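Scroll down for the structure; my scribbles are underneath it.
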2 protein chains.
Amino acid sequence: MATTTAAQRREQARADYDAFLRACPSHQLLGRLSDKWVGLVIAALSGGTKRYSDLGRQIAGVSPKMLTQTLRTLERDGIISRTVTPSVPVRVDYDLTPLGTSLATLLTAVKDWAETHFEEVRAARERYDTENPT
Amino acid sequence: MATTTAAQRREQARADYDAFLRACPSHQLLGRLSDKWVGLVIAALSGGTKRYSDLGRQIAGVSPKMLTQTLRTLERDGIISRTVTPSVPVRVDYDLTPLGTSLATLLTAVKDWAETHFEEVRAARERYDTENPT
DNA sequence: CAGGATCCCAGCTGATACTG
DNA sequence: CAGTATCAGCTGGGATCCTG
């Protein structure tokens with residue numbers, strides 16, 4: 001025996017890794033933040049309470065499905081709050097919770113870093129591309 | 001006519017949005033950071049210089065392909081440096097650049113936020129799930 | 001107005017095999 | 001040792017149609 005192939009070991013490692021990732025808060029958060037629409041939604045809500053259709057209009061190109069999906073996961077995570085007003089067309093307002101606000105702060109920090117260093121990154125890319133014409 | 005359907009308008013909006021996103025540094029950065037392996041690689045390299053196979057071993061479950069791909073994009077962005085030593089088996093060392101180090105700092109900030117607030121998120125999820133048995 | 005349900009395609013991921 | 005090349009599978013996201 002001892003036929004522990006590299007593949008088997010990697011498979012095992014992957015299982016461990018997956019379990020680890022699922023339990024890893026920072027990675028979960030990263031996944032959330034980078035989710036295609038999450039950043040936009042949070043940014044939009046930083047401007048105050050918004051209705052569903054306001055968000056749909058303000059965030060260019062989002063489909064109803066993705067908007068709803070995004071809002072739902074954010075609501076589930078306690079990042080935003082959803083308020084239904086049973087008037088005659090229904091009215092639903094979304095807002096940032098305190099937790100969401102603190103997350104928005106973090107997002108701003110990331111944005112600042114990006115804006116500060118983006119020129120460096122751009123230059124690095126250009127250098128790399130001219131050096132590796134592939 | 002004026003048959004500008006909702007779909008058409010969304011399509012147009014989507015084009016604008018895509019162009020916007022491609023030009024948006026913070027969103028690009030977010031995408032990078034949340035990339036499945038990027039966080040792990042940066043974390044691994046925070047411990048100092050590492051060889052290709054070291055990284056492959058330290059990061060459980062990564063395939064050679066993804067490891068290479070991740071390293072390449074990070075190198076292109078000027079986040080890590082790649083040093084080839086043409087000995088008789090070849091030897092390649094990876095390291096964080098100053099830019100990469102500052103990014104690692106940001107990553108740490110995200111990690112701290114996640115660890116600080118994860119319990120709140122977990123609680124919010126539990127509440128949401130018990131309230132919405134679907 | 002605010003969504004739910006369904007179908008479907010593209011792209012990324014990963015496994016495997018091969019090379020300088 | 002440090003990759004590259006190829007192929008298959010899955011999942012995310014959008015389009016579309018429908019409801020309370």
Side-chain angles (χ1 to χ4, degrees), chain A residues 5-18 21 31-32 34-41 49-76 80-95 132 134, chain B residues 5-18 21 31-32 34-38 40-41 49-75 80-95 132 134:
Chain A
T5 65
Q8 286 176 321
R9 270 180 280 109
R10 232 202 347 262
E11 191 182 5
Q12 176 57 38
R14 224 174 72 73
D16 295 351
Y17 161 82
D18 283 345
L21 263 209
R32 269 291 110 86
S34 74
D35 194 298
K36 203 174 174 191
W37 307 103
V38 167
L40 287 304
V41 168
T49 306
K50 289 270 174 359
R51 301 180 53 174
Y52 182 87
S53 43
D54 288 338
L55 290 170
R57 234 168 293 114
Q58 180 167 350
I59 302 173
V62 70
S63 65
K65 174 185 172 182
M66 290 321 292
L67 182 55
T68 300
Q69 194 178 102
T70 305
L71 291 169
R72 281 287 129 68
T73 61
L74 289 178
E75 186 198 355
R76 190 172 106 99
I80 66 178
S81 65
R82 176 170 178 272
T83 313
V84 182
T85 308
S87 49
V88 168
V90 203
R91 173 202 178 96
V92 182
D93 289 289
Y94 290 93
D95 212 338
N132 306 44
T134 305
Chain B
T5 65
Q8 287 175 320
R9 270 181 280 111
R10 237 207 338 269
E11 190 181 5
Q12 177 55 38
R14 225 174 70 73
D16 296 350
Y17 161 81
D18 284 346
L21 261 209
R32 272 287 111 84
S34 75
D35 193 297
K36 204 175 175 190
W37 306 104
V38 166
L40 287 303
V41 167
T49 306
K50 289 269 174 0
R51 300 179 54 174
Y52 182 87
S53 44
D54 288 338
L55 290 170
R57 234 169 291 114
Q58 182 168 346
I59 301 173
V62 71
S63 66
K65 175 185 171 181
M66 290 319 292
L67 182 54
T68 300
Q69 193 176 104
T70 304
L71 292 169
R72 283 286 130 71
T73 61
L74 289 178
E75 187 199 355
I80 65 177
S81 65
R82 177 170 178 272
T83 313
V84 182
T85 309
S87 50
V88 168
V90 204
R91 174 201 177 95
V92 181
D93 289 288
Y94 290 94
D95 212 338
N132 306 45
T134 306

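Per chain, numbering begins at 1; letters A, B, ... match sequence-line order. None of the values given here were measured: they were computed from a predicted structure.
Between A/M66 and A/K36 there is no side-chain heavy-atom pair separated by less than 4.5 Å.
When the nucleotides C/dA2, C/dT13, D/dG3 are ranked by their closest atom to the side chain of B/P64, D/dG3 comes out on top.
Atom pair A/K36:NZ and D/dT11:C1' shows a separation of 14 Å (rounding to whole Å applied). The CG-P distance, from A/L55 to C/dC1, rounds to 14 Å in whole Å. Summarising the geometry, the separation between CG on A/N132 and P on D/dG3 is reported as 13 Å, rounded to the nearest angstrom. Between the CZ atom of A/R32 and the P atom of D/dG12 there is a distance of 11 Å, rounded to whole Å. A straight line from CG of A/L74 to C1' of C/dG3 spans 16 Å, rounded to a whole angstrom. Note: CG (A/L71) to C1' (C/dC1) measures 14 Å, nearest angstrom. The CG atom of A/L40 sits 13 Å away from the P atom of D/dG13 (whole-angstrom rounding). For the pair A/I80 CD1 and C/dA2 P, the computed distance is 14 Å after rounding to whole Å.
An OP1 or OP2 oxygen of D/dG3 is reached within less than 4.0 angstrom by a side-chain nitrogen or oxygen of B/R82. The side chain of B/W37 places an N or O atom within less than 4.0 Å of a non-bridging phosphate oxygen (OP1 or OP2) of C/dG14. At D/dA2, none of the side-chain N or O atoms of B/R72 fall inside 4.0 Å of OP1 or OP2 (strictly under the cut-off). OP1 or OP2 of D/dC1 has not a single side-chain nitrogen or oxygen of B/R51 nearer than 4.0 Å. At C/dC1, none of the side-chain N or O atoms of A/S53 fall inside 4.0 Å of OP1 or OP2 (strictly under the cut-off).
Near DNA chain C, meaning a heavy atom under 4.0 Å away, the residues from residues 86-95 of chain A are A/P89, A/V90, A/V92, A/Y94.
When only modelled atom types and interatomic distance are considered, A/T83 and A/D93 share no side-chain donor-acceptor pair under 3.5 Å. B/D95 and B/T49 share a side-chain donor-acceptor pair at under 3.5 Å.
An angle of 50°, rounded to 10°, separates the two end axes of the helix from C/dC1-D/dG20 to C/dG20-D/dC1, each defined over five pairs.
In terms of heavy-atom proximity, B/L71 sits nearest to B/I80 at O-CD1, 3.4 Å. Looking at every heavy atom in both residues, B/T70 comes nearest to B/V41 through CG2-CG2, 3.9 Å. Heavy atoms only, all atoms of each residue included: A/L67 and A/V62 are closest at N-CG2, 3.8 Å. Heavy atoms only, all atoms of each residue included: A/S34 and B/S34 are closest at OG-OG, 2.6 Å.
In this structure, the side-chain contact (heavy atoms from CB on, under 4.5 Å) partners of A/R72, at least two apart in sequence or on a different chain, are A/T68, A/E75, A/R82, A/Y94, B/Y128. Considering only residues two or more places apart in sequence or on other chains, B/R51 meets the salt bridge (charged side-chain N to carboxylate O under 4.0 Å, His left out) condition with none of them.
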* To do: Would you mind building the protein contact string for nucleotides 7-12 of chain C? One character per nucleotide, 5' to 3', B for base within reach (heavy atoms under 4.0 Å), S for sugar-phosphate only, - for untouched.
  => ------

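Pairs engaging residues 55-68 of chain A under the salt bridge (charged side-chain N to carboxylate O under 4.0 Å, His left out) rule: A/D54-A/R57 [sequence neighbours left out].
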